[in-house]
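Side chains are part of it too, since the values below use all heavy atoms of this structure and drop only hydrogens, waters and symmetry mates.
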Amino acid sequence: MQNAASSNSQPPKGFLGRSRTFAGVSPAAIGTAWLWLSIIVLLPLAAITVQSFDDGWSGFWDAVTAENAIDAIWITVLVSIVAALINVVFGTIIAWVLVRDDFRGKGFVNAIIDLPFALPTIVASLVLLSLYGPNSPIDIHLAATKPALIIALTFVTLPFVVRQVQPVLIELDTDVEEAAAVLGARNGTIFRKIVLPSLLPAILTGAGLAFTRAIGEFGSVVLIGGNIPGDTQVASQYIQQQIEIDEPVNAAAISVVLLLIAFVALLVLRIVGRRQTKREELDR
């Protein structure tokens with residue numbers, strides 16, 4: 001019996017027949033994952049960072065503090081924040097409707113949520129230009145304006161909040177909501193006090209993903225945005241401009257700034273989301 005028990009207690013052999021594993025994953029699998037991430041993500045990031053300092057620190061600083069560069073970064077961050085906030089509100093509403101309501105065409109609506117992922121972004125820019133450009137059939141002319149940028153970025157980042165919130169709503173226990181309703185709580189109070197705290201980590205994650213996607217977006221704004229320096233030129237268009245005039249170091253420097261902004265945004269939202277999750281667990 002002891003021999004049988006000891007044989008059963010031995011850890012299962014992992015990949016390549018080795019018995020030593022880390023959290024159920026073999027060292028070979030972990031090494032493969034790190035190798036792939038290094039080739040696809042880390043090495044390109046390292047290469048662009050090194051290139052941005054080809055002219056030294058002073059060259060990097062001059063590149064990122066040029067007037068047009070600062071304007072492009074500022075405009076990019078501003079319109080990306082607005083687009084992310086819009087999608088936080090309407091993305092949460094859409095997720096709520098898809099999960100909590102049944103209606104005709106629900107499957108169709110659920111399918112078109114992912115359309116911005118599948119549709120080439122340059123097509124989105126062309127469609128928006130046809131709708132809001134000089135020949136607008138609805139007589140709304142927004143081409144080469146900041147609202148046009150916001151509309152384009154809102155379109156391409158729509159799925160992020162919806163797809164983050166939707167599974168959380170599906171798994172959410174409705175017993176507490178029903179109990180609060182029985183006790184006389186209004187729908188707004190139930191959502192604010194009970195539902196929203198549970199959804200907040202998912203909403204923040206979706207907002208972070210939408211924001212980071214927006215700051216690097218190019219295709220959806222290239223036609224509708226106008227690319228006017230200091231007005232509607234976003235960072236991605238500024239980077240393209242620097243490459244066209246044979247200033248790759250400047251383009252690399254602005255790319256590094258965008259990477260840092262995206263990293264900081266995701267880090268902050270992840271920390272806030274974790275704290276909210278821990279708070280929810282303690283309240284339970």
* **Spacing of CH2 belonging to W57 relative to CG belonging to D62, to within rounding of 0.5 Å** => 10.5 Å
* So with a 6.0 Å cut-off around CZ of F90, is the heavy-atom count from everything else above 12? -> no
* Could you tell me whether the side chain of K146 and the main chain of D231 form a donor-acceptor pair under 3.5 Å? => yes
* To do: Could you tell me whether a side-chain N or O of T157 sits under 3.5 Å from a main-chain N or O of A210, the two making a donor and an acceptor?
  => no
* Structure fact -> Output for pair (N87 CG, I94 CD1), nearest 0.5 Å, gives 8.0 Å
* To do: Answer with yes or no after comparing the ring centroid distance for F103 and F108 against a 6.0 Å cut-off, counting only values under it.
  => no
* Structure fact -> d(L126 CG, L131 CG) to nearest 0.5 Å is 11.5 Å
* To do: Kindly give the heavy-atom pair with the smallest separation between A143 and L129, and that separation in Å.
  => CB-CD1, 4.0 Å
* Apply side chain to side chain contact (heavy atoms under 4.5 Å, CB included) to N110 and Q166, showing your working. => CA-CA 11 Å; N110 201 31; Q166 202 172 1; 3.3 Å; yes
* **Inter-residue atom distance L119.CG - I122.CD1, 0.5 Å rounding** => 10.5 Å
* Asked: Is a donor on one side and an acceptor on the other found under 3.5 Å between the side chain of Q242 and the backbone of I239?
  -> no
* To do: Test V156 against R213 for side chain to side chain contact (heavy atoms under 4.5 Å, CB included), laying out the working first.
  => CA-CA 8 Å; V156 298; R213 166 67 188 274; 4.0 Å; yes
* Which atoms form the tightest heavy-atom contact between P44 and S38, and what is the distance? -> CD-O, 4.1 Å
* Could you tell me which non-hydrogen atom of T154 sits nearest to which non-hydrogen atom of I150, and how far apart they are? => OG1-O, 2.6 Å
* side-chain hydrogen bond (donor to acceptor under 3.5 Å, both in side chains) partners of residues 93-107, not counting sequence neighbours, each pair once -> R100-E177, D102-K106
* To do: Over all heavy atoms of both residues, which pair between A207 and L269 is shortest? Give the atoms and the distance, please.
  => C-CD1, 4.3 Å
* Asked: If we only count heavy atoms from C-beta on, is the D71 to P229 side-chain gap below 4.5 Å?
  -> no
* Side chains of Q241 and E247: closer than 4.5 Å at any heavy-atom pair? -> no
* To do: Classify the angle between the aromatic ring planes of F60 and F53 as parallel (below 30°), tilted (30 to 60°) or perpendicular (above 60°).
  => parallel
* Which atom of N250 lies closest to which atom of A63, heavy atoms considered -> OD1-CB, 3.3 Å
* To do: Taking S220 for its side chain and S125 for its backbone only, find out whether a donor-acceptor pair lies under 3.5 Å.
  => no
* Asked: Is a side-chain donor or acceptor of T212 paired with a backbone partner of L209 at a separation under 3.5 angstrom?
  -> yes
* Contact summary for I224 and A148, nearest pair of heavy atoms -> CG1-CB, 3.5 Å
* Going from CG on L158 to CG on L115, what distance comes out if it is rounded to the nearest 0.5 angstrom? -> 9.5 Å
* **4.5 Å side-chain heavy-atom contact, D114 and R163** => yes
* Structure fact -> Value for CG (L78) from CD1 (I73), rounded to nearest 0.5 Å, stands at 13.5 Å
* Transitive ILVMFWY side-chain link Y238 to W74, under 4.5 Å -> no
* Between L196 and I203, is any pair of side-chain heavy atoms under 4.5 Å apart? -> yes
